[in-house]
2 protein chains.
Amino acid sequence: MKKTDIYSELKRNGLKNTKHRTMILDILKKSSQPISAEQLFEEMLVRKISINLSTVYRTLDTLCDKNLLIKLNVKGDNRTLFEFNHMIHRHHLICLGCKKILAIEHCPLEGYEKVLANETNFTIEGHNLNIYGYCPNCQIHNL
Amino acid sequence: MKKTDIYSELKRNGLKNTKHRTMILDILKKSSQPISAEQLFEEMLVRKISINLSTVYRTLDTLCDKNLLIKLNVKGDNRTLFEFNHMIHRHHLICLGCKKILAIEHCPLEGYEKVLANETNFTIEGHNLNIYGYCPNCQIHNL
DNA sequence: TGACAAATGCGAATCATTTGCATCTACATT
DNA sequence: AATGTAGATGCAAATGATTCGCATTTGTCA
């Protein structure tokens with residue numbers, strides 16, 4: 001997603017194009033890992049963009065509302081993490097050692113929601129799946 | 001689980017048998033829904049057991065450590081919920097309308113962890129799955 | 001029964017997140 | 001390009017869930 005794409009994406013959602021927003025989207029777009037509001041705030045400082053932490057929170061909130069970002073909650077971390085919404089249904093594999101997060105693009109629950117809907121008479125809207133384990137590197141250092 | 005069972009369960013885990021603990025375990029054992037620390041605190045008051053909220057938190061913590069309870073986090077609720085550990089691997093189906101929580105005792109991920117371990121070289125320790133939707137009753141009132 | 005570790009109460013601290021309000025800015029319209 | 005206005009931001013204070021330090025109490029075991 002180029003700068004111009006970000007611009008039109010914001011516009012399409014009725015959001016003003018501000019330095020802060022484009023920067024936040026840019027950082028998240030390029031990040032290989034979901035990150036927290038605080039981390040984002042610090043990354044902005046590194047990039048010499050002065051911003052207030054509440055603005056970070058507010059921006060993240062609006063971007064989530066517009067489905068440009070996705071919220072993520074990880075066991076043992078009380079903060080909310082945010083990641084760029086690549087518009088692909090995915091889950092996460094989280095290393096309990098180094099906390100690294102891997103996206104999994106295959107959903108093992110395809111079809112299951114229908115079965116569950118039949119069994120329970122619920123209408124299913126979605127699900128949330130995180131898988132926890134140790135990455136190859138942490139397995140070595142955990143002996 | 002009878003009172004005596006709770007007693008020996010505590011003992012087996014090196015925990016002292018106190019009025020508070022047995023009461024908390026008893027409430028959770030009988031509850032059809034996972035509940036929060038605050039709710040538990042209020043339920044104790046109803047039962048005329050005076051207790052401090054920090055004690056509730058501390059008790060819940062130790063009981064989780066000993067695997068007598070399970071923590072549960074639900075999207076859109078920033079509190080932690082607790083449920084009695086029935087020693088059965090289960091997931092939860094949560095109604096987005098009335099917030100009711102249904103336990104699902106069939107795990108749709110059996111076998112998948114092995115596949116994932118092979119693909120990623122992670123050692124998998126466990127997973128977390130919540131499914132969201134609307135219960136029959138809330139479907140009606142949501143028209 | 002007495003000793004001692006563990007459990008509790010109380011109040012204050014912490015941490016992530018939200019909110020109220022005054023000010024500022026992007027952008028549509030003139 | 002100037003301008004009006006809704007929306008965006010900064011700042012400081014509030015909130016809500018949870019944790020912590022420390023003095024006191026209580027369960028358990030010898």
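Below, chain A is the first sequence line, B the second, and so on; all start at residue 1.
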Take the protein atom CG of A:Asp77 and the nucleotide atom P of C:dA16, then report the distance between them rounded to whole Å. 9 Å
How does each nucleotide of nucleotides 18-30 of chain C score, in 5' to 3' order, for protein heavy atoms under 4.0 Å: base (B), sugar-phosphate only (S), or none (-)? BBB----BBS---
Excluding sequence neighbours, so at least two apart, what forms ring-ring contact (aromatic ring centres under 6.0 Å, His included) with A:His20? none
Is there a donor in the side chain of B:His106 and an acceptor in the side chain of A:Glu119, or the other way round, less than 3.5 Å apart? no
Need one value for B:Thr80: base, sugar-phosphate or nothing, where a base atom within 4.0 Å counts as base even if backbone is also close, heavy atoms only. sugar-phosphate
Quickly work out the B:Phe41 CZ to C:dT8 C1' distance and round it to whole Å. 13 Å
What pairs meet the ring-ring contact (aromatic ring centres under 6.0 Å, His included) rule with one or both residues in residues 36-82 of chain A, with sequence neighbours excluded? none
With sequence neighbours left out, the residues meeting salt bridge (charged side-chain N to carboxylate O under 4.0 Å, His left out) with B:Asp77 are B:Arg79
By side chain to side chain contact (heavy atoms under 4.5 Å, CB included), which residues pair with B:Lys75, not counting sequence neighbours? A:Asn128, B:Tyr132
Per the end-axis method with five pairs at each terminus, what is the bend angle of the helix from C:dT1-D:dA30 to C:dT30-D:dA1, to 10°? 30°
Return no unless some side-chain N or O of B:Thr55 is found under 4.0 Å from OP1 or OP2 of C:dA7. no
Could you list the residues that satisfy side chain to side chain contact (heavy atoms under 4.5 Å, CB included) with A:Asn52, not counting sequence neighbours? A:Ser54, A:Thr55
Can you check the B:Asn13 CG to C:dA7 P distance for me, whole Å? 11 Å
Quick one: list whatever passes side chain to side chain contact (heavy atoms under 4.5 Å, CB included) with A:Ile124, sequence neighbours left out. A:Glu113, A:Leu116, A:Ala117, A:Phe122, B:Leu93, B:Ile131
Interatomic distance where CG belongs to A:Leu40 and P belongs to C:dT17 [whole Å]: 12 Å
Atom CE of B:Met23 and atom P of C:dT8 are separated, to the nearest Å, by 13 Å
On DNA chain D, which is the earliest and which the latest nucleotide, 5' to 3', with an atom closer than 4.0 Å to a heavy atom of chain A? D:dA6 to D:dA12
Taking side chain to side chain donor-acceptor pair (under 3.5 Å) as the test, write out the residues that go with B:His89, two or more places apart. B:His91, B:His127
What pairs with A:Arg47 under side chain to side chain donor-acceptor pair (under 3.5 Å), at least two apart in sequence or on another chain? A:Glu43
Could you tell me if the side chain of B:Pro34 sits less than 4.5 Å from the side chain of B:Val74, heavy atoms only? no
Kindly write out the residues that satisfy salt bridge (charged side-chain N to carboxylate O under 4.0 Å, His left out) with B:Glu105, not counting sequence neighbours, or none if the list is empty. B:Arg90
